[in-house]
Visitor: 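Structure provided below as structure tokens; questions to follow.
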Amino acid sequence: MAKIITVTSGKGGVGKTTTTAAIGAALARTGDSVVVVDFDVGLRNLDLIMGAERRVVYDFVNVIQGDARLPQALIRDKRVETLFLLPASQTRDKDALTEEGVDKVIGDLSRHFDWVICDSPAGIERGATLAMRHADIAIVVTNPEVSSVRDSDRIVGILDAKTLKAERGETVDKRLLLTRYDPIRAARGDMLKTEDVLEILSLPLLGIVPESNDVLRASNFGVPVSIHDPESAPARAYVDAARRLKGETVAMEIPGKPRLGFFGKFLRRAA
Ligand SMILES: Nc1ncnc2c1ncn2[C@@H]1O[C@H](COP(=O)(O)OP(=O)(O)OP(=O)(O)O)[C@@H](O)[C@H]1O
Ligand SMILES: [Mg+2]
């Protein structure tokens, strides 16, 4: 059975879709089978970020409504062969995703993949609660600013109340992913510092992704940033986050602080 991850936030535009694609690709690069599922009905962004927009024939809603079978709607990534996308529909009907339909599709996917990653729409409306319903793990994507942190706090409350795990008296494993972090602005006091965010949200930290033009560049090419330029700072942050999800212990790289070079690592190991 798959591990089901929901990438969520409350506030819009914080980097959920970027994160879904980047972590999905990074996990798939390790050989695990991964499907990324776009719950953002009407907007359909994940296929763009994945560079698959011209290959969409059937979508999530077609499968729920019985117009296509699940394998017909899944798109295999051209670069990583264990990575698949279930695209969202462009219908304006936000009620096209039904609870029973979502249950069936997520159930089918979780029997065939190692990881099912659900890209949630912004807000706390139906689409977002449907996206988090099956979550084992929730990645709470947060930018270092007050409004984003406040909305993440609300989402944490909803994760503890409106998920299948909550109904069973269990808890969703919630991890904080701080994105668009700019160390210079944080030092100037224009942005919250990592410690401030951690103090307010008190969630385990999955990673810190720096603000970087590499993200925009990768999305213009339709390639998840984690595989576009693996040496770029945001790619490293996402690859490390994926390794942490797999249970590895990986030292946290703080944007703006120099990464230990070979000699530093050697010294630390010697110590
Ligand atoms: N680390 C980053 N550095 C720079 N820009 C980023 C970073 N992460 C995301 N962005 C940019 O922020 C914008 C919003 O990102 P994205 O679409 O992933 O957010 P979202 O949370 O999915 O939005 P929505 O709530 O609308 O679904 C995009 O233009 C994206 O390129
Ligand atoms: Mg999005």
Side-chain angles (χ1 to χ4, degrees), residues 5-26 36-53 59-60 85-90 94 97 117-132 138-145 147-152 154-155 158 176-186 191-192 194 197 205-242 253-256:
I5 299 180
T6 298
V7 181
T8 184
S9 70
K11 189 176 191 301
V14 293
K16 293 179 295 296
T17 302
T18 304
T19 296
T20 303
I23 289 191
V36 291
V37 184
D38 192 347
F39 273 80
D40 210 344
V41 169
L43 280 180
R44 247 185 70 176
N45 263 334
L46 188 55
D47 55 339
L48 280 172
I49 301 289
M50 303 277 295
E53 73 277 15
D59 58 55
F60 200 174
L85 162 71
L86 179 58
S89 159
Q90 258 175 336
K94 294 269 177 198
L97 290 184
I117 309 184
C118 306
D119 181 20
S120 174
I124 51 172
E125 305 294 318
R126 205 160 147 273
T129 46
L130 280 175
M132 69 171 69
I139 300 179
V140 180
V141 180
T142 307
N143 293 163
E145 46 167 85
S147 62
S148 174
V149 174
R150 191 188 49 213
D151 287 357
S152 292
R154 290 179 73 196
I155 276 293
I158 295 169
L176 173 67
L177 187 74
L178 199 54
T179 58
R180 310 202 68 167
Y181 185 79
D182 182 337
I184 296 169
R185 293 188 59 200
M191 260 186 180
L192 296 176
T194 312
V197 180
L205 187 60
L206 182 66
I208 308 171
V209 183
E211 171 78 19
S212 165
N213 282 334
D214 294 317
V215 173
L216 192 60
R217 218 169 289 133
S219 81
N220 286 339
F221 280 101
V223 182
V225 64
S226 54
I227 59 172
H228 183 250
D229 174 5
E231 279 310 309
S232 69
R236 291 202 308 264
Y238 278 121
V239 168
D240 285 354
E253 189 176 344
I254 312 287

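Atoms within each ligand, like the ligands themselves, are counted from 1 in listed order.
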Visitor: Has S212 got a side-chain atom pairing as donor or acceptor with D214's backbone, closer than 3.5 angstrom?
Guide: yes

Visitor: Using a strict cut-off of 4.0 Å, indicate which atoms of ligand 1 neighbour a heavy atom of A122.
Guide: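 Taking each heavy atom of A122 in turn, ligand 1 has 25 (O) under 4.0 Å.
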
Visitor: Which ligand 1 atoms, with their elements, are less than 4.0 angstrom from a heavy-atom of G12?
Guide: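 Those qualifying, in numeric order: 25 (O).
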
Visitor: Under 3.5 Å between some N or O of ligand 1 and some N or O of S212?
Guide: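 N/O-N/O distance below 3.5 Å exists for this pair.
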
Visitor: Nearest 0.5 Å, please: how far is OG1 in T142 from CD1 in I155?
Guide: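 Rounded to the nearest 0.5 Å, the CD1-OG1 separation comes to 10.0 Å.
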
Visitor: With nothing but distance in play, are any N or O atoms of T18 less than 3.5 Å from an N or O of ligand 1?
Guide: yes

Visitor: So, regarding G15 and ligand 1 (criterion: nitrogen or oxygen to nitrogen or oxygen, under 3.5 Å), is there a contact or not?
Guide: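 Between G15 and ligand 1, an N or O pair is found under 3.5 Å apart.
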
Visitor: Within the structure, does T17 bring an N/O atom to less than 3.5 angstrom of an N/O atom in ligand 1?
Guide: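 So ligand 1 has an N or O lying under 3.5 Å from an N or O of T17.
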
Visitor: Would you call V14 a ligand 1 contact, heavy-atom distance under 4.0 Å?
Guide: yes

Visitor: Would a search of protein heavy atoms around atom 28 (C) of ligand 1 find one under 4.0 Å away?
Guide: no

Visitor: Are any of the protein's heavy atoms under 4.0 angstrom from atom 24 (P) of ligand 1, yes or no?
Guide: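 Under the 4.0 Å cut-off, atom 24 (P) of ligand 1 does have protein heavy-atom neighbours.
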
Visitor: Do any heavy atoms of S9 fall under 4.0 Å from ligand 1?
Guide: no

Visitor: Pick whichever of P210, P234, A237 has a heavy atom sitting closest to atom 1 (N) of ligand 1.
Guide: P210

Visitor: May I ask whether G13 has any heavy atom positioned less than 4.0 angstrom from an atom of ligand 1?
Guide: yes

Visitor: Indicate, as side chain, backbone, both or neither, the part of D40 found under 4.0 angstrom from ligand 1 when only non-hydrogen atoms are considered.
Guide: side chain

Visitor: Would you call P87 and D38 a side-chain contact if the rule is heavy atoms closer than 4.5 Å?
Guide: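 A side-chain contact is absent here, since even the closest heavy-atom pair is not under 4.5 Å.
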
Visitor: Taking 4.0 angstrom as the limit, do R185 and E211 come out as a salt bridge?
Guide: no

Visitor: Could you tell me whether some N/O pair between K16 and ligand 1 is separated by less than 3.5 angstrom?
Guide: yes

Visitor: Check for a donor-acceptor pair, side chain of N143 on one end and backbone N or O of T179 on the other, with a separation under 3.5 Å.
Guide: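 A pair under 3.5 Å: yes.
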
Visitor: Under 2.8 Å from the Mg ion (ligand 2), can any N, O or S atom of N45 be found?
Guide: no

Visitor: Taking distance alone, with N or O pairs closer than 3.5 Å, would you say V209 contacts ligand 1?
Guide: no

